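When a ligand or atom number is given, it counts from 1 through the structure's own listing order. Just so we're clear, the structure is a prediction, and the values are computed from it rather than from any experiment.
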Amino acid sequence: MEFFKNVPVVKYEGKDSANPMAFRYYNPEEEIAGKTMREHLKFAMSYWHTLCAEGTDMFGRGTMDKSFGGQTPMDVYKNKAYAAFELMDKLSIDYFCFHDRDIAPEGETLAECNANLDVIVDLMEGLMKERGKKLLWGTANCFNHPRYMNGAGTSPDADVFAYAAAQIKKAIEVTIRLGGSGYVYWGGREGYETLLNTDMGKELDNLGFLLKLTSQYGRSIGFKGDYYIEPKPKEPTKHQYDFDAATVIGFLQKYNLTEDFKLNVEANHATLAGHTFQHELAVARVNGAFGSIDANQGDLQLGWDTDQFPTNVYETTLCMLEVLKAGGFTNGGLNFDAKTRRASWTPEDIAYSYIAGMDGFALGLRMADKILKDGRLDAFVDKRYESYKTGIGKKIAERTATIEELEAYILAKGDVETTASGRQEYLENIFNAVLFS
Ligand code: XUL
Ligand code: CO
């Protein structure tokens, strides 16, 4: 059965193409900076938004039917799998990501949930082999069910902690079975609404223990990929413990998790935290924690997690600059944690959205490569810090300067001469000049 009848196999037709079902910038096999675009970008399809989200919002029910013609719960989920692989094929997407509860119906008990998962995982394993698709990462949905209303690892109820641990154990097993190169922890309800009812210290310690316990279990059964924490400051919880990249890095250090964990940085989460996407990526990179990306964009006027497909080329360029500077992805990739707008309800809209996001990132990669090749921005930064290459600066850089020496140096000089201009506007104009040349 064909589920996306009006979606053809989407091909690269070049920038002058007027065909909306074609790529204009994403040319999978084209080489840029030593790798094909396919290898650089490692696009992944998010199962939850693509196969599950039906367009509900706070004020209205779904506008899209994602049952894919299935009559029983199990048939619905089998058809979701067939539809997923058809779409990945048509869009040249090599990877996908899922939560346990996206791919199989929830049962009455954990045993029933696990049995349902096994049925679908069998089916998926076959489809992956047949179509040559790979699992970028798996995760457990520990935020939807009412039992998680007060958190999962940070719940005040020990039974909920135990349930979460058991659920994550199974999700890691499934991820390993499907050859996943990553496993994500996103703590949607790991936080608090009010300190009047919360023991923050206990909750953080419990969360650290849950991550240690489950990640070590994964290693013990052969998981070789990366674990990622996905920072987000709020939504659904008022104050989430994984607020932003810097907060998460501190948490990983405190609970001795830095060896196993990296970050999955999401654009819309960055802006919710009051940062730019580029800032969050840079924090991850300079701390050796750059791992994977949830590609999307928010709406700065709305200010919530709108999960839109990324089409802002300035943002994708700045993102790809960070990716290239980090040396590219190893186990990670670009997962479109993005959904069509509620009014973009047809199956074709899903294809148009992915094409827009993939072309948006293909342009970002092309532009980032141009900026690096142009070299003026990097040269400026290099020159800006050149005082650390000689004299007293060199001693500071080599950490051999003493406090007395620094004092004597400045006493002899009297004061610091005016430092050089930061030249922000000049640099922003170079950025534009390179992009639009
Ligand atoms: C929620 C979000 C999640 C994670 C995986 O904002 O981004 O879908 O990516 O749980
Ligand atoms: Co995400």
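For D294, the N, O or S atom closest to the Co ion (ligand 2) goes by the atom name OD2. When you scan the N, O or S atoms of E266 for the one nearest the Co ion (ligand 2), you land on OE1. In terms of distance to the Co ion (ligand 2), the nearest N, O or S atom of D337 is named OD2. With respect to the Co ion (ligand 2), E230 has OE2 as its nearest N, O or S atom.
Taking the charged nitrogens against the carboxylate oxygens, E322 and R285 do have a contact shorter than 4.0 Å, which makes a salt bridge. Of the charged side-chain nitrogens involved, at least one lies within less than 4.0 Å of a carboxylate oxygen, so that D94 and R38 count as a salt-bridged pair. Taking 4.0 Å as the cut-off between side-chain N and carboxylate O, D122 and R177 count as a salt-bridged pair.
Q278 and T276 share no donor-acceptor pair across their side chains, judged by distance under 3.5 Å alone. Judged by distance alone, the side chains of T258 and Q253 never bring a donor and an acceptor atom under 3.5 Å apart. Residues N335 and D294 have side chains that bring a donor and an acceptor to within less than 3.5 angstrom of each other.
Per-residue contacts place D294 under 4.0 angstrom from the following atoms of ligand 1 (heavy atoms of the residue considered): 9 (O). For ligand 1, the atoms sitting less than 4.0 Å from at least one non-hydrogen atom of D305 are 6 (O), numbered in the order shown with element in parentheses.
Polar contact with ligand 1: present for K232 (N/O pair, distance under 3.5 Å). In terms of polar-atom proximity, defined here as any N/O pair under 3.5 Å, E266 does make such a contact with ligand 1.
Two residues are said to be in side-chain contact when any heavy atoms from C-beta on lie closer than 4.5 Å; Y82 and L123 meet this criterion.
Of the heavy atoms in E235, none comes closer than 4.0 Å to ligand 1.
When hydrogens are left out, the protein atom nearest atom 10 (O) of ligand 1 is H99 NE2, 2.7 Å; that is the closest non-hydrogen contact.
Here D307 fails the criterion, with no N, O or S atom under 2.8 Å of the Co ion (ligand 2).
Taking the six-membered ring where the residue is Trp, the centroids of F223 and Y217 are separated by 6.0 Å or more.
Within the set H269, Q240, E230, the minimum heavy-atom distance to atom 6 (O) of ligand 1 is found for H269.
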